[in-house]
2 protein chains.
Amino acid sequence: MLTSERLRHPALLDKVVTADKAAALIGDGMTVGVSGFTPSGYPKMVAKALAAAVRAGRKCRVNIWSGASVGPEIEEELAAAGAVARRAPYYAASNKSTRDAINSGDIRYTDVHLSHFAQQIDYGFLGPVDVAIVEAVAVTADGGLVLGPGVGNTPMLVKHAATVIVEVNTAQPLELEGMHDIFIQPRPPRRREIPIYGTLDRIGSPYVACGLERIACIVESDIPDKVRNLEPPDELSEKIAANLIGFLEHEQRRGRIPPEMLPLQSGVGSIANAVLAGLAKAPFENLHMYSEILQDSVFALIDAGKVVAASGCAFTPSPGVLERFRRDPALYRRAVVLRPLDISNHPEVIRRLGVIALNTPLEFDVYGHANSTHVMGTRMMNGIGGSGDYMRNGYLTVFTAESVAKDGAISRIVPMVSHCDHTEHDAMVFITEQGVADVRGLCPRERARVIIANCAHPDYREPLLAYVRAAERGGGHTPHDLERVFGFHVSYNRTGTMKNQQRGPTNG
Amino acid sequence: MLTSERLRHPALLDKVVTADKAAALIGDGMTVGVSGFTPSGYPKMVAKALAAAVRAGRKCRVNIWSGASVGPEIEEELAAAGAVARRAPYYAASNKSTRDAINSGDIRYTDVHLSHFAQQIDYGFLGPVDVAIVEAVAVTADGGLVLGPGVGNTPMLVKHAATVIVEVNTAQPLELEGMHDIFIQPRPPRRREIPIYGTLDRIGSPYVACGLERIACIVESDIPDKVRNLEPPDELSEKIAANLIGFLEHEQRRGRIPPEMLPLQSGVGSIANAVLAGLAKAPFENLHMYSEILQDSVFALIDAGKVVAASGCAFTPSPGVLERFRRDPALYRRAVVLRPLDISNHPEVIRRLGVIALNTPLEFDVYGHANSTHVMGTRMMNGIGGSGDYMRNGYLTVFTAESVAKDGAISRIVPMVSHCDHTEHDAMVFITEQGVADVRGLCPRERARVIIANCAHPDYREPLLAYVRAAERGGGHTPHDLERVFGFHVSYNRTGTMKNQQRGPTNG
């Protein structure tokens with residue numbers, strides 16, 4: 001029930017409607033902004049109602065703008081109903097309906113650096129926001145929206161929305177209030193600095209200023225977020241984590257990382273988890289995270305006293321961690337700030353704080369380009385997300401990956417990436433379970449040898465070296481044989497393994 | 001003669017030595033930082049002396065770190081003597097000796113985003129700076145170096161140099177003094193904001209603080225910079241410029257660029273010149289430039305009263321413009337600030353000011369990736385320079401190019417770039433003489449059609465569309481056929497034109 005703890009002005013009670021009624025405000029062709037980031041803090045009731053209406057015959061296809069990919073009510077139900085025309089700025093592999101529709105072209109997906117999206121909305125580059133649906137923990141007496149655990153692009157979506165629908169979700173703990181720091185920059189030419197000088201600096205408001213009059217209606221919700229438990233790290237991930245941590249220690253001993261350490265950014269996934277788990281045992285203290293998303297592993301580090309400050313645009317607790325938060329909210333509230341996505345990922349702040357960026361691509365090439373998004377160059381796996389924001393602006397930028405995938409059928413180190421999301425100019429260090437390739441200050445020919453020797457799986461070292469040596473006969477700063485450059489990928493597409501690139505087709 | 005106007009402390013006179021003596025301080029294997037940016041403000045005497053010594057049999061190969069590629073005394077004489085082992089962070093096509101050595105692998109060249117290089121030196125990532133050779137206009141009484149027209153990375157190189165050699169060049173006008181604004185950020189975690197909120201804001205000192213005791217010796221010079229006159233725009237470049245200016249006017253009318261306009265960044269070359277020349281006739285007033293390099297065309301706009309404020313890391317006047325500056329230094333001094341490269345190109349400032357970025361790649365692809373550096377993916381033409389700094393952080397980011405090169409034998413629009421320096425996530429608009437492709441908010445399949453229809457040369461539209469249509473049969477978010485993706489390039493390599501890609505080899 002929506003008590004006065006959740007709705008803090010009597011007029012708000014009059015705005016409560018059914019999800020069906022709220023969904024009826026969404027018209028065909030509209031652009032709908034949704035709160036949340038990953039399956040965390042996103043609206044569920046109205047999406048379900050709209051999906052049901054469309055399944056029942058209502059004609060309605062909308063453009064969905066979010067922070068990141070959100071939960072199944074939108075990515076599965078709404079997408080499977082055929083109700084999604086366009087999607088931006090991020091998509092992650094976990095939801096089949098959206099993924100398949102993106103890859104068939106049925107959903108027109110735009111993949112954007114996450115620090116860019118909010119300002120592109122603000123500049124008017126992407127058109128109007130017709131409706132914003134915001135999951136809130138509570139609404140303040142003056143119409144401020146207390147967000148759930150995922151901020152994402154909600155502040156900018158609310159700023160521009162013609163119609164604001166609020167889902168007040170009683171399954172979200174009220175203790176989230178006060179963890180957010182909502183700040184919207186003015187547009188150029190009237191911008192000043194973003195005055196964040198330390199991980200926990202607060203520069204904004206604890207809620208999204210919306211105003212009572214702009215709230216079109218309120219829907220009650222009690223559907224929990226669909227946050228999955230993380231798998232425990234496997235042996236390979238632990239090896240990669242150990243290589244990374246050894247490298248960071250080495251850099252600190254050499255004076256290239258200051259003694260107090262620098263804030264860390266970590267992508268998501270099994271390697272990121274292993275890295276964060278590894279940090280619990282590493283000789284670093286009082287760690288800071290200035291990152292995009294804070295998953296369970298960060299909270300384990302806060303519990304262990306290793307991480308004392310964490311900034312992100314979303315806090316995605318699994319049910320177990322959420323329960324711990326409810327019991328002792330002070331622990332995390334003290335150590336965590338949740339910011340809008342364009343601030344958590346802002347080049348200005350990342351570069352100023354000296355964030356060490358740790359991300360995992362799908363593949364990288366011998367010269368140092370990386371592919372974060374497309375399987376075999378064509379099929380969208382995950383969007384680029386924030387990786388570009390951090391890898392371009394970090395103090396030290398590291399890509400970690402397993403050297404092979406699919407039981408060795410795929411080498412993650414290839415002659416040329418089949419899709420380029422990060423150029424040779426961006427990543428400084430590549431780490432696999434095989435070792436560490438530090439390419440700072442090296443020319444392409446040197447990089448190729450260092451990456452192959454230290455990162456490639458032994459099964460692929462010789463074919464990769466053979467490629468580079470043959471290409472070098474053609475000369476050039478970055479030797480390549482464009483007739484054979486995708487031999488690894490073509491071999492995989494034709495034979496199911498990259499191992500036939502020698503005797504298989506040769507692109508010419 | 002070095003008068004007290006140029007050397008403002010008596011102790012400095014005692015430091016004056018011959019160029020040969022100064023060159024003797026440079027040992028084999030050392031890293032030598034040089035002042036300047038493009039053939040502007042770089043040291044000449046010591047480079048010539050070192051080249052002569054090496055030609056005469058002295059064994060000395062050094063690493064040269066600069067702002068950008070500099071003049072022939074270094075890029076030709078020193079390189080041709082075999083005295084350059086490594087080169088960073090930029091190289092431009094104009095000097096044959098360095099270019100050939102980079103492409104043969106004899107000079108190990110590292111191509112770096114120009115906003116990154118100074119801080120990578122400061123972080124200790126690239127090793128020590130053994131010697132800095134700085135061309136100065138004058139040395140102040142407390143050992144401050146008044147730079148010439150190119151700042152580049154000089155402040156950071158001087159900060160770290162074990163030995164500082166100063167060339168005081170009487171061919172550089174003393175009126176340059178006061179145009180520089182030298183600012184070095186502290187390292188993380190002690191960084192604050194860069195307090196630049198407007199194009200002409202000054203935040204530092206007019207000279208590089210070095211100190212009398214750190215100046216090892218001084219060499220007198222009177223060799224002028226080797227700045228070339230720019231060619232007048234040709235018809236094609238004027239067409240591209242007209243398309244760009246029309247687009248900017250359109251954006252302003254639509255309210256997507258504010259009425260007061262925003263600062264412009266412009267790359268170099270014939271198209272950039274045509275664009276700047278076109279601005280003289282366009283209905284924009286009180287323009288600001290927040291750019292990397294300020295060439296003659298910017299000064300023509302200052303003369304015409306169109307540009308009222310220009311910030312760059314170098315002012316590269318041709319002899320004629322330099323003469324005008326000598327006659328009326330106040331005109332340019334009022335309107336120009338010269339900054340260190342990492343400040344002129346800093347993501348924080350570019351994004352805050354809302355810089356509109358205009359750059360020209362070698363080729364771009366149907367999905368929006370761009371190649372700024374490598375001819376046919378292998379041979380270095382120009383380094384990436386600052387293009388990535390501006391294209392990633394600009395308010396509005398535009399690539400301009402001619403649709404074809406070499407009398408139509410090369411299409412600058414290709415299925416996939418042969419080297420990726422800028423990803424699909426970075427550029428918003430592509431402009432050729434054929435038209436304007438605005439890809440904001442579009443998915444890859446849409447982008448391909450818009451780019452082909454609006455940018456590609458009519459001779460290549462059908463082959464490009466045929467490629468895309470065929471690739472789409474394989475599905476995927478970004479359709480590609482990796483067996484045929486470089487068909488255009490392979491055709492050129494084999495037959496001297498991209499036009500045989502249909503009947504020529506098909507990569508499979």
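Just so you know, these numbers come straight off a predicted model, no measurement behind them.
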Mark yes or no for whether A/Thr110, through its side chain, and B/Gly441, through its backbone, hold a donor-acceptor pair below 3.5 Å. yes

The interface call for B/Arg254 against chain A, heavy-atom contacts under 4.5 Å, is neither

From the list B/Arg392, B/Arg191, B/Arg440, B/His480, the residue making the most non-hydrogen contacts under 4.5 Å with chain A is B/Arg392

From CA spacing to verdict: side-chain contact (heavy atoms from CB on, under 4.5 Å), B/Thr98, B/Val84: CA-CA 9 Å; B/Thr98 296; B/Val84 181; over 6 Å; no

So, the part of B/Arg445 with a heavy atom under 4.5 Å from chain A: the answer is side chain

Among B/Tyr367, B/Tyr395, B/Tyr109, the residue with the most heavy-atom pairs under 4.5 Å to chain A is B/Tyr395

task = Indicate whether any N or O donor in one side chain lies under 3.5 Å from an N or O acceptor in the other, for A/His116 and A/Asn345.
result = no

Looking only at B/His422, B/Arg379, B/Arg187, B/His346, most heavy-atom pairs under 4.5 Å shared with chain A are made by B/His346

Among B/His489, B/Glu260, B/Met261, the residue with the most heavy-atom pairs under 4.5 Å to chain A is B/Glu260

Cut-off 4.5 Å, heavy atoms of chain A, and the answer for B/His374 is side chain

Heavy atoms of A/Ile196 and A/Asp201 approach each other most closely as C-OD2, 3.9 Å

When the 4.5 angstrom heavy-atom criterion is applied to B/Pro258 and chain A, the contacting part is side chain

Turns out that what part of B/Arg190 lies under 4.5 Å from chain A's heavy atoms comes down to side chain

Counting the benzene-type ring for Trp, do B/Phe486 and A/Phe486 have ring centres under 6.0 Å apart?
yes

Looking only at A/Asp111, A/Ile107, A/Ile257, A/Leu126, the option with the highest number of non-hydrogen pairs under 4.5 Å against chain B is A/Asp111

So, the part of B/His425 with a heavy atom under 4.5 Å from chain A: the answer is both

Turns out that what part of A/Arg99 lies under 4.5 Å from chain B's heavy atoms comes down to neither

Carboxylate-amine/guanidinium contact B/Arg351 A/Glu348, below 4.0 Å:
no

So, the part of B/Leu353 with a heavy atom under 4.5 Å from chain A: the answer is backbone

Looking only at heavy atoms, the pair that brings B/Cys420 and B/His369 closest together is SG-ND1, 3.8 Å

- request: Find out whether the Lys NZ or Arg CZ of B/Arg192 is both under 6.0 angstrom from the six-membered ring centre of A/Tyr197 and within 45° of the ring's axis.
  value: yes

Do A/Thr397 and A/Asp426 have side-chain heavy atoms sitting under 4.5 Å apart? no

| said: Less than 4.0 angstrom from a charged side-chain N to a carboxylate O is my criterion; do B/Glu193 and B/Arg352 meet it? | reply: no

Interface check, chain B: of A/Arg87, A/Met380, A/Arg108, most non-hydrogen pairs under 4.5 Å belong to A/Arg108

From the list A/Arg256, A/Met376, A/Met428, the residue making the most non-hydrogen contacts under 4.5 Å with chain B is A/Arg256

Ranking A/Val439, A/Thr423, A/Thr478 by heavy-atom pairs under 4.5 Å to chain B gives rank one to A/Thr478

With chain A, the option among B/Pro479, B/Gly475, B/Ala471, B/Gly388 that has the most non-hydrogen atom pairs under 4.5 Å is B/Gly388

Heaviest contributor of heavy-atom pairs below 4.5 Å to chain A, chosen from B/Pro189, B/Gly354, B/Pro263, is B/Pro189

Smallest heavy-atom separation, A/Ile384 atom then A/Asp421 atom, equals CD1-O, 3.6 Å

Whatever's closer than 4.5 Å to a heavy atom in chain A on B/Asp389 counts as both

Under 4.5 Å to a heavy atom of chain A? For B/Ser418 that would be both

Whatever's closer than 4.5 Å to a heavy atom in chain A on B/Glu472 counts as neither

If one checks every heavy atom of B/His419 against chain A at 4.5 Å, the contacting part turns out to be side chain

**Asked** Under a 4.5 Å cut-off applied to non-hydrogen side-chain atoms, are B/Leu114 and B/Pro89 in contact?
**Response** yes

Closest non-hydrogen atoms of B/Ala357 and B/Tyr390, given as atom of the first, atom of the second and distance, are CB-O, 3.6 Å

